[in-house]
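Owing to the predicted nature of the structure, the values given are computational and were not obtained by experimental measurement. Nothing fancy with the numbering, it's 1 onward along the sequence.
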Amino acid sequence: AVNVKATGRNEADGIANGGDPDMTPDEDADDAPGISVGLFSLQVMLPKATINGAVVAEFDGTLTDGADDAASLNVEALGSNAAVASAEMLSISLLGVQGAQATTEIGSEADIIARMGSTASVAADVVTVNAGHFVKPGTLNSGGSAAAAENRALSTLTSNNGALIAVAVIRSDADVKGSVLAQLDGDITDGGDVTVTSVSRNLADVRTEALGIGIGAFSAAGANAEIGAATNSAASAASAASINVDGDVRFSATSDSDATAYSDAKTGGLIAANTSKPTSIVRADTKAEVSADITGADGVIDVRANADNDALAVSAALAAGVVGVNDSNAVAEITNQAETVASIGSAAEINAPDADLIVLAEANNDAVAKTESVTGALIAVGVSSPKATTASVTSATLLGQVNNGENAGAKSINVTARGADAAVANVVSVGGGLVIVGSSESEARNTGSTNTQIGNSGGKIIATGAINVRALGLTDADATTKS
């Protein structure tokens, strides 16, 4: 057996006043707040944590095809990233001003790559190429159970400001990039089973909370969580590669991406005003793509991609005073860059008459934006406008040739795409006072698509059994207001 393995765990702690990089979104950093007491108080905090390191395992050599082939070739890259930034502020004064931004980033170079290189020539009974996230033993999630392996960026800010004039402007950002790639670029000249697997778990979680109390109080709480377009989970075989085996061939790309943004602004005073604006975006794609020639497989040729994408933005706002003003907005979006694709490309030639050929893409995409606004004053003004959008793409395609001359190149063929896309926007707005001015507008938009394609101009696809091509899409858009 030949084993090539690389593992890495990266941690970055940008907590301004202590803390634990293994904390979960519902845990508090074990640290003392930044405290300021005086006639005039000015607090500024800018905690930042960035990770940009890669984990790479690669085999680019030769395993000779002889009387006795190697038992196995295993190429594995496992990594885990945890970036945490946090700050907590407390001010008591006549004039209190607070400003803070907590930023976490998993950079675009923080890739996890397992690769069989383009000059590799391998004869082995079992070939495995695996890339994925792993978790530090003992890490728990918010429910107390074992945490999933992940690529996570967490940012939290808390502001408490008591003054005659209290002003706070704070924002939390978490940006997750970095791909998980399992790549077969060389030749398997003689083999049994081949498995190429990519598994990624991405989490961007931000939480911003601001409380201001004074004769005049203003709080602005912003939160932005994004799983970026450079966050890919991919299992692939290049067009220059070739696979000659007598067993199963499996390519699988799986991802679970969650972007969660929560902001909460509360003010109380003679004049109390606040704004709360969280945004969550998922752009990551998940792709299993085979462009290599496959010959002789007599079990199954299985190419599949599975994605679970969630964008959640929650805005909470409370203003109480003689004059109270609330501006509560939330944006949740899964963009059209969030593609889930299973594909056998046009350059591929499949000659495996005894194999069942499966191409399967499955995705679940949910974008949810919620606003919860309470305004109580003699003059109460409240504005709420959540927006949720899904535009993701789920696609399964068989564009290469499947034949043995004029004869069948597969026993059966199934090409299936299943996509479930939902956009939900909810407003709950409560206002009480002598004069009440309220505006509530929620928008949910779903333009997600699910599609399949089989065949290419001049190509041949021949099977001895059934050829099934299915596209199964479920879409939902739901916008509600309650005031």
Side-chain angles (χ1 to χ4, degrees), residues 3-10 51 53-59 73-82 106 108 110-116 126-137 139 141 145-153 176-185 193-204 227-237 248-259 282-290 300 302-310 338-343 358-365 392 394 396 418:
N3 298 304
V4 181
K5 185 173 182 178
T7 60
R9 177 175 172 82
N10 300 310
I51 291 174
V55 179
V56 180
E58 182 171 8
F59 177 86
L73 169 65
N74 301 300
V75 183
E76 185 174 52
L78 299 175
S80 183
N81 300 309
I106 310 294
S108 59
D111 295 334
I112 300 170
I113 302 172
R115 179 190 298 125
M116 196 181 95
V126 177
V127 176
T128 302
V129 181
N130 177 48
H133 290 128
F134 77 97
V135 68
K136 182 179 179 180
T139 302
N141 64 23
S145 58
E150 59 191 27
N151 197 32
R152 60 193 177 111
V176 173
K177 303 184 185 73
S179 297
V180 178
L181 308 175
Q183 301 170 330
L184 195 156
D185 295 338
D193 295 331
V194 174
T195 303
V196 180
T197 305
S198 169
V199 179
S200 70
R201 171 72 173 95
N202 305 297
L203 173 66
I227 311 290
T231 312
N232 308 314
S233 179
S236 64
D248 295 336
V249 176
R250 300 178 183 273
F251 284 78
S252 173
T254 303
S255 71
D256 185 353
S257 297
D258 295 323
V282 176
R283 305 182 190 273
D285 62 33
T286 306
K287 295 182 177 181
E289 297 178 307
V290 175
V300 64
D302 191 315
V303 180
R304 65 179 60 205
N306 185 286
D308 187 353
N309 298 313
D310 294 285
E339 296 181 312
T340 304
V341 176
S343 173
I358 299 170
V359 182
L360 174 63
E362 295 181 298
N364 187 72
N365 302 291
S392 54
T394 305
R418 298 190 186 100

Enquirer: Going by the side-chain hydrogen bond (donor to acceptor under 3.5 Å, both in side chains) test, name the single residue among Asp256, Asp258, Asn365, Asn202 that passes it with Asn309.
Expert: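 For Asn309, the side-chain hydrogen bond (donor to acceptor under 3.5 Å, both in side chains) check succeeds only for Asn365.
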Enquirer: Keeping Ser198 on the side-chain end and Ala253 on the backbone end, is there a donor-acceptor pair under 3.5 Å?
Expert: no
Enquirer: Roughly how far, to the nearest 0.5 Å, is OG of Ser257 from CG of Leu203?
Expert: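 Rounded to the nearest 0.5 Å, the CG-OG separation comes to 9.5 Å.
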Enquirer: Using every non-hydrogen atom in the two residues, find where Ala288 and Phe251 come nearest and quote the distance to one decimal.
Expert: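 In terms of heavy atoms, the two residues are closest at CB-O, 4.2 Å.
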Enquirer: Just by distance, no angles: are the side chains of Thr286 and Ser255 close enough, under 3.5 Å, to form a donor-acceptor pair?
Expert: yes
Enquirer: Return the minimal non-hydrogen interatomic distance between Val75 and Ala114, and the atom names on each side.
Expert: O-CB, 3.9 Å
Enquirer: I'd like to know if the side chain of Asp193 and the backbone of Asp248 have a donor-acceptor N/O pair within less than 3.5 Å.
Expert: yes
Enquirer: Look up atom CG in Asn130 and atom OG1 in Thr197, then write down how far apart they are to the nearest 0.5 Å.
Expert: 5.5 Å
Enquirer: Which residues pass the side-chain hydrogen bond (donor to acceptor under 3.5 Å, both in side chains) test with Thr394, sequence neighbours left out?
Expert: none
Enquirer: Can you see which heavy atom on Ala230 is nearest to which on Ser179, and at what distance?
Expert: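 Shortest heavy-atom separation between Ala230 and Ser179 comes out as O-OG, 2.8 Å.
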Enquirer: Do the charged groups of Arg304 and Glu362 touch, with an N to O distance under 4.0 Å?
Expert: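 No salt bridge links Arg304 with Glu362.
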Enquirer: Under a 4.5 Å cut-off applied to non-hydrogen side-chain atoms, are Leu78 and Lys5 in contact?
Expert: yes
Enquirer: One pair to check against side chain to side chain donor-acceptor pair (under 3.5 Å): Arg250 and Thr195. What are the steps and the verdict?
Expert: CA-CA 5 Å; Arg250 300 178 183 273; Thr195 303; 5.6 Å; no
Enquirer: In this structure, which one of His133, Arg9, Arg201 forms a side-chain hydrogen bond (donor to acceptor under 3.5 Å, both in side chains) with Ser80?
Expert: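 With Ser80 as partner, His133, Arg9, Arg201 yield a single side-chain hydrogen bond (donor to acceptor under 3.5 Å, both in side chains), made by Arg9.
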Enquirer: Compare all side-chain heavy atoms of Lys177 with those of Thr231 and state whether any distance is below 4.5 angstrom.
Expert: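 The answer is yes, as the side chains (C-beta and beyond) meet within the 4.5 Å cut-off.
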Enquirer: Could you measure the distance from the CG atom of Asn232 to the CG atom of Asp111? Nearest 0.5 Å is fine.
Expert: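 Taking CG in Asn232 and CG in Asp111, the distance rounds to 8.5 Å.
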Enquirer: List in chain and number order the residues that pass side-chain contact (heavy atoms from CB on, under 4.5 Å) with Asn74, two or more places apart in sequence or in another chain; answer none if no residue qualifies.
Expert: Asn3, Ser72, Thr128
